[in-house]
Amino acid sequence: MVDLKGQYEKIKKTVDSSVLEVLDSTAYINGPKVHEFQKNLEDYLGVKHVIPCANGTDALQISMMGLGLKPGDEVITADFTFAATVEVIALLGLTPVLVDVEPDTFNIDVEAIKNAITPKTKAIVPVHLFGQCADMDAIMEIAKEHNLYVIEDNAQAIGATYTLKDGSKLKAGTIGHVASTSFFPSKNLGCYGDGGAIFTNDDDLAHTIRGIVNHGMYRRYYHDVVGVNSRLDSIQAVILNTKLPHLDTYNKARQNAARKYNTAFKGQENIITPVFKKTCDSFCENCDCHVYHQYTLKVKDTDRDALAAHLNEKGIPCGVYYPVPLHSQKAYQDERYNEEDFKVTNQLIKEVISLPMHTELDDEQIAFITSTVINFVNG
Ligand SMILES: *Cc1c(COP(=O)(O)O)cnc(C)c1O
C-alpha cells in the first residue's frame, strides 16, 4: 500500500547522518532537535503552538485532557473512522456519541451532528478522513452556537488546505480549538517509529498541554495536574525535520497519482472515484484540499471482498478502511444507537476499497492496478 523504502532511498544520506548526530549528542528525548521540529512545523502550518508527543492516539487523548473534559461529557465523532478516535473518548470516561458520515466525502455529517447535540455535549471531533477536511465552516458554526470545543483529528490530512467561506485558506488542524496528528510511518508525514503532535492557537491551552505530556509538571517535580508520559524522541524529530520540507512535494505526488487513477476510471459506472470538497474547482491544481492519505473507491454491483482477493492474487495490495462501523464494534456498542441513524456508514463498509497510494507510484503501476480493477468490476 505504501513504498516507504523508495521514499527513504531518496533522503537516506541526510536522514542517516542526522540520526547518527543524535546518537552522538545523547540528547535522545526532548532535545534541541525536537524543539527545532516543533518550530518548523509551527511555521509550516501557520499555527501558534505545536506540542510534539508520542503518537496520534495520545495527541487526541491529551487534547481532551487539556480541554478539561470530564466523565459524563458527551463527545460527538464519526462512526466511520479508525478506532483511536473513539477509544480515547471512552478511556477518559467521556461518552462517545457516534454519528453518520457523508456518502461522498466519507466525512462526518453536519446534520447528524446537529441531531446528536444534547445539554451534555461538550465537544465535536471531526476526522479529516483519507486526507480531506470535514465541513469545518459548518462545524465551527455549530460549535459556536452550542458552546462546544472542536478537536480536529488530523492524522490523515497533514498539509491539506481548507478554504473557508470567506475565501481565506487555513491548514488542516489549525481551524478548530485544538488538533491532533500522527507521524506513524505510513501517514503523509511519517517518521520511522511512533510520533504525534497537538496543534493549537490558544496560549493557555498550549501551556496546560505542555504540562500534561510531561507528567503534569510545570515545575520539575511539582505535579499540578494528572498527566501522562508522551514525548517525541530526537531521532524521530530529525527524521521529521528532514521530511517536512518535502511534505508538499509528497502530497503533490499523491494528488498526481489520484488524478491518474481518476482519469483511468473515468466513465466506469460502477466505480465511484473520490469526491473532493465542493470549493475545489480544479483537481487540486491550485490548492491542496485533498492530500489523499488514502485513495478510496466505492464499487457498485460488485463483490467488494472478491475484488480485494482478486487484486491480492494479482500482487496488488489494497485495503478496506474500514470494514466495521464503530457503533457495531463490541467495545463501543451503545443501546441508544439505532441502525437507521447509520445508513451511510452501513453502506460504505460494503463498498469501499482503497488502492495503493504513496509518493512513489509510477504510471506503469497505476495502469496495471486500474486495468485489473476495471476488468474485474466489468466481470
Ligand atoms: C493513525 C490515526 C490515529 C492514531 O495515530 P497513532 O499515531 O497510530 O496513534 C488516529 N486517528 C486517525 C484517523 C488515524 O488515521
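Along the sequence shown, the residues carry numbers beginning at 1. Every number for a ligand or one of its atoms is a count from 1 in the order of the listing.
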For [atom], what's the nearest protein heavy atom and its distance?
atom	value
atom 11 (N) of ligand 1	D153 OD2, 2.8 Å
atom 4 (C) of ligand 1	T57 OG1, 3.5 Å
atom 1 (C) of ligand 1	K187 NZ, 1.5 Å
atom 15 (O) of ligand 1	Q156 NE2, 2.8 Å

If you measure from atom 7 (O) of ligand 1 to every heavy atom of G196, C53, S182, which option wins on shortest distance? S182
Which word best sums up how the rings of F37 and F183 line up, parallel for under 30°, tilted for 30 to 60°, or perpendicular for over 60°? perpendicular
Output the list of atoms in ligand 1 that are nearer than 4.0 Å to some heavy atom of V127, sorted by atom number. 13 (C)
Closer than 4.0 Å to some heavy atom of N55 - which atoms of ligand 1 meet that? 7 (O), 9 (O)
Do any N/O atoms on F183 end up under 3.5 angstrom from N/O atoms on ligand 1? no
Judging by distance only, is a nitrogen or oxygen of D194 under 3.5 angstrom from one on ligand 1? no
If you draw a 6.0 Å radius around OH in Y250, do more than 12 non-hydrogen atoms from other residues or ligands fall strictly inside? yes
Salt bridge present between K12 and E9 (N-O < 4.0 angstrom): no
Does E351 pair with K300 as a salt bridge, N-O distance under 4.0 Å? yes
So for H293, does at least one of its heavy atoms come nearer than 4.0 angstrom to any atom of ligand 1? no
Which pair of heavy atoms, one from F184 and one from S182, lies closest together, and at what distance? N-OG, 3.1 Å
Tell me, do Y337 and D79 make a side-chain contact under 4.5 Å, heavy atoms counted? no
Scan the side chains in residues 215-227 for donor-acceptor partners under 3.5 Å anywhere in the protein, sequence neighbours excluded, and list what turns up.
residue : atom : partner : partner atom : Å
Y218    : OH   : T208    : O            : 2.5
H223    : ND1  : H215    : O            : 2.8

